[in-house]
Enquirer: 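I'd like to ask some things about the structure below.
Atoms considered below: every heavy atom in the structure, side chains included; atoms not considered: hydrogens, waters and symmetry mates. Keep in mind that this is a model prediction, so the values were computed, not measured.
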Amino acid sequence: VASGVRLYCEHLERYSGNRPASETTLKNSIRTRMGQNLAMTEAVLEQLIKLKALSFNGSKVVYQSTKISQLAKMAV
């Protein structure tokens with residue numbers, strides 16, 4: 001799961017101007033990066049929330065860019 005979190009945070013950093021805006025598009029984006037693995041998608045999303053890299057305001061995704069940068073650079 002840690003490698004999935006790092007991989008997805010790297011993706012969010014690379015495409016910071018084009019991040020998923022809703023929970024549905026976020027899940028689809030994570031699933032695409034995780035090779036369509038639904039269990040891994042849910043685990044990565046849970047970790048991103050637990051690590052406070054993102055949160056939800058209604059159905060909208062709120063990103064914490066500083067935390068995302070830190071997670072993208074973490075050693076796995």
Side-chain angles (χ1 to χ4, degrees):
V1 175
S3 62
V5 169
R6 184 178 53 78
L7 177 76
Y8 196 70
C9 285
E10 287 173 354
H11 171 75
L12 289 174
E13 275 215 305
R14 194 172 306 122
Y15 299 99
S16 61
N18 191 23
R19 292 176 174 173
S22 71
E23 184 174 359
T24 303
T25 55
L26 176 64
K27 283 183 178 182
N28 288 339
S29 177
I30 295 171
R31 189 173 68 237
T32 299
R33 300 284 167 271
M34 299 302 125
Q36 302 298 323
N37 182 328
L38 293 177
M40 183 64 129
T41 298
E42 290 298 324
V44 168
L45 180 57
E46 282 181 29
Q47 278 300 108
L48 289 170
I49 294 168
K50 187 182 289 186
L51 295 168
K52 300 188 186 327
L54 55 85
S55 59
F56 296 100
N57 183 359
S59 64
K60 297 290 182 191
V61 184
V62 179
Y63 295 96
Q64 303 301 324
S65 295
T66 305
K67 189 65 175 176
I68 289 169
S69 293
Q70 290 171 351
L71 293 171
K73 293 175 178 77
M74 74 177 178
V76 178

Enquirer: Report yes if the side chains of Lys73 and Glu13 come closer than 4.5 Å at any heavy-atom pair, otherwise no.
Expert: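 Of all side-chain heavy-atom pairs linking Glu13 with Lys73, at least one is under 4.5 Å.
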
Enquirer: Starting at CG of Leu51, measure out to CD of Glu46 and round the result to the nearest 0.5 Å.
Expert: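 Output value for this atom pair is 11.5 Å.
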
Enquirer: Given Met40, which of Ile30, Val1, Leu45 fulfils the side chain to side chain contact (heavy atoms under 4.5 Å, CB included) condition?
Expert: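 Exactly one candidate clears the test, Val1.
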
Enquirer: Please report the closest heavy-atom contact between Leu12 and Arg19, naming both atoms and the distance.
Expert: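 So the two residues come closest at O-NE, 3.3 Å.
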
Enquirer: Are more than 12 heavy atoms from other residues, nucleotides or ligands located less than 6.0 Å from atom OH of Tyr15?
Expert: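 No.
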
Enquirer: So do Leu71 and Arg6 actually touch side chain to side chain, heavy atoms under 4.5 Å?
Expert: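 Heavy-atom side-chain distance check fails, nothing below 4.5 Å.
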
Enquirer: Of all the heavy-atom pairs spanning His11 and Ser29, show the shortest one and how long it is.
Expert: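 Taking every non-hydrogen atom into account, NE2-OG, 4.0 Å.
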
Enquirer: Any chance you could measure Lys67, atom NZ, to Cys9, atom SG, to the nearest 0.5 Å?
Expert: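 Answer rounded to 0.5 Å: 9.5 Å.
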
Enquirer: Answer yes or no: is there a side-chain heavy-atom contact under 4.5 Å between Met74 and Val5?
Expert: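 Yes, close enough: below the 4.5 Å cut-off.
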
Enquirer: Going by heavy atoms in the side chains, are Phe56 and Ile49 under 4.5 Å from each other?
Expert: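 A side-chain contact exists here, since the closest heavy-atom pair is under 4.5 Å.
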
Enquirer: Just verifying a value: how many Å separate Leu54 CG and Ser65 OG, rounded to the nearest 0.5 Å?
Expert: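 It is 10.5 Å, given to the nearest 0.5 Å.
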
Enquirer: Would you call Leu48 and Leu26 a side-chain contact if the rule is heavy atoms closer than 4.5 Å?
Expert: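 When only atoms from C-beta onward are counted, Leu26 and Leu48 do not touch, as no gap falls below 4.5 Å.
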
Enquirer: Looking at every non-hydrogen atom in both residues, tell me the closest pair between Pro20 and Thr25 and how far apart they are.
Expert: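 Here Pro20 and Thr25 meet closest at CB-OG1, 3.5 Å.
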
Enquirer: Heavy-atom distance under 4.5 Å between the side chains of Met34 and Leu7, does that happen here?
Expert: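 Side-chain contact under 4.5 Å: yes.
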
Enquirer: Going from CG on Leu38 to CD on Gln36, what distance comes out if it is rounded to the nearest 0.5 angstrom?
Expert: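 Result: 7.5 Å between the selected atoms.
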
